[in-house]
Amino acid sequence: NAGVTQTPKFRILKIGQSMTLQCTQDMNHNYMYWYRQDPGMGLKLIYYSVGAGITDKGEVPNGYNVSRSTTEDFPLRLELAAPSQTSVYFCASSYRPGPTGEQYFGPGTRLTVT
Amino acid sequence: QQQVKQSPQSLIVQKGGISIINCAYENTAFDYFPWYQQFPGKGPALLIAIRPDVSEKKEGRFTISFNKSAKQFSLHIMDSQPGDSATYFCAASMEVLTGGGNKLTFGTGTQLKVEL
């Protein structure tokens with residue numbers, strides 16, 4: 001199992017550009033999450049999905065969109081990049097519902113918006 | 001609003017020493033408390049976790065102490081090793097997401113360095 005994979009690893013965007021961060025998991029997990037990690041801060045939830053076709057907003061969804069057409073893939077879309085979106089983005093998945101469901105994280109995408 | 005407060009921000013410990021990281025939470029709806037370990041360039045990985053009806057959980061050199069009345073919990077790393085050098089995040093979990101997903105609220109992280 002590759003686990004949770006993310007592409008790209010690094011990306012530099014200009015203000016106003018758009019991009020999609022890719023996330024794929026091969027563990028057949030229903031639950032998937034997108035977080036951002038800013039320096040000196042904990043991870044904050046952007047969007048999550050409880051299964052194919054079902055997504056919902058987390059704490060900090062503004063400026064982002066997601067889709068979930070398959071169990072495996074959960075891409076995150078930035079439409080009009082802003083410097084405030086400079087961050088490290090992590091995708092995670094879990095198989096068990098409820099508070100004890102361990103979340104498995106990908107290696108992250110480091111995004112810089114200039 | 002920081003719902004999970006973590007301290008210290010950074011910690012240097014000698015090899016063989018005890019590393020202690022503290023966290024405090026505000027929301028009593030949290031019902032599971034995991035700790036995640038993150039190495040540079042990697043995503044966080046679950047290290048150990050505890051339910052609020054348990055006061056202590058030990059796995060190898062890692063122990064969580066939990067004080068429900070004080071709303072505090074801590075991670076103790078015994079016999080700290082250079083390989084333990086990483087960033088540690090406490091988190092608090094609750095099942096509030098539609099469809100059963102769990103929401104993790106993270107602390108701000110502690111950078112641990114274990115020196116020889």
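Convention: sequence-line order gives letters A, B, ...; per-chain numbering from 1.
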Got more than 12 heavy atoms from elsewhere within 6.0 Å of [atom1], [X]?
| X | atom1 | value |
| --- | --- | --- |
| A/Ile12 | CD1 | no |
| B/Lys42 | NZ | no |
| A/Arg77 | CZ | yes |
| A/Met27 | CE | yes |

Honestly, the part of A/Tyr104 sitting under 4.5 Å from a heavy atom of chain B is neither

Okay, A/Gln37 and chain B: the region with an atom under 4.5 Å from a heavy atom over there is side chain

Report yes or no: do [X] and [Y] belong to one cluster of Ile/Leu/Val/Met/Phe/Trp/Tyr joined by side chain heavy-atom distances under 4.5 Å?
| X | Y | answer |
| --- | --- | --- |
| B/Ile20 | B/Val4 | no |
| A/Trp34 | B/Tyr36 | no |
| B/Val54 | B/Phe73 | yes |
| A/Val4 | A/Phe74 | no |
| A/Val66 | A/Leu45 | no |

Original post:
Counting a contact as any heavy-atom pair under 4.5 Å apart, which residues of residues 106-114 of chain A contact chain B?
Top reply: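 So the qualifying residues are A/Gly106, A/Pro107.
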
**Prompt:** For B/Asn102, does its backbone N or O pair with a side-chain atom of A/Gln103 as donor and acceptor, under 3.5 Å?
**Reply:** yes

Correct closest heavy-atom pair for A/Leu43 and B/Pro44 would be CD2-CG, 4.1 Å

Residue pair A/Tyr35, B/Leu104: steps toward the side-chain contact (heavy atoms from CB on, under 4.5 Å) verdict | CA-CA 10 Å; A/Tyr35 293 89; B/Leu104 282 175; 3.8 Å; yes

So, the part of B/Pro34 with a heavy atom under 4.5 Å from chain A: the answer is neither

So which part of B/Gln111 gets closer than 4.5 Å to some heavy atom of chain A, the side chain, the backbone, both or neither?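 Contact with chain A involves no heavy atom of B/Gln111 at all.
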
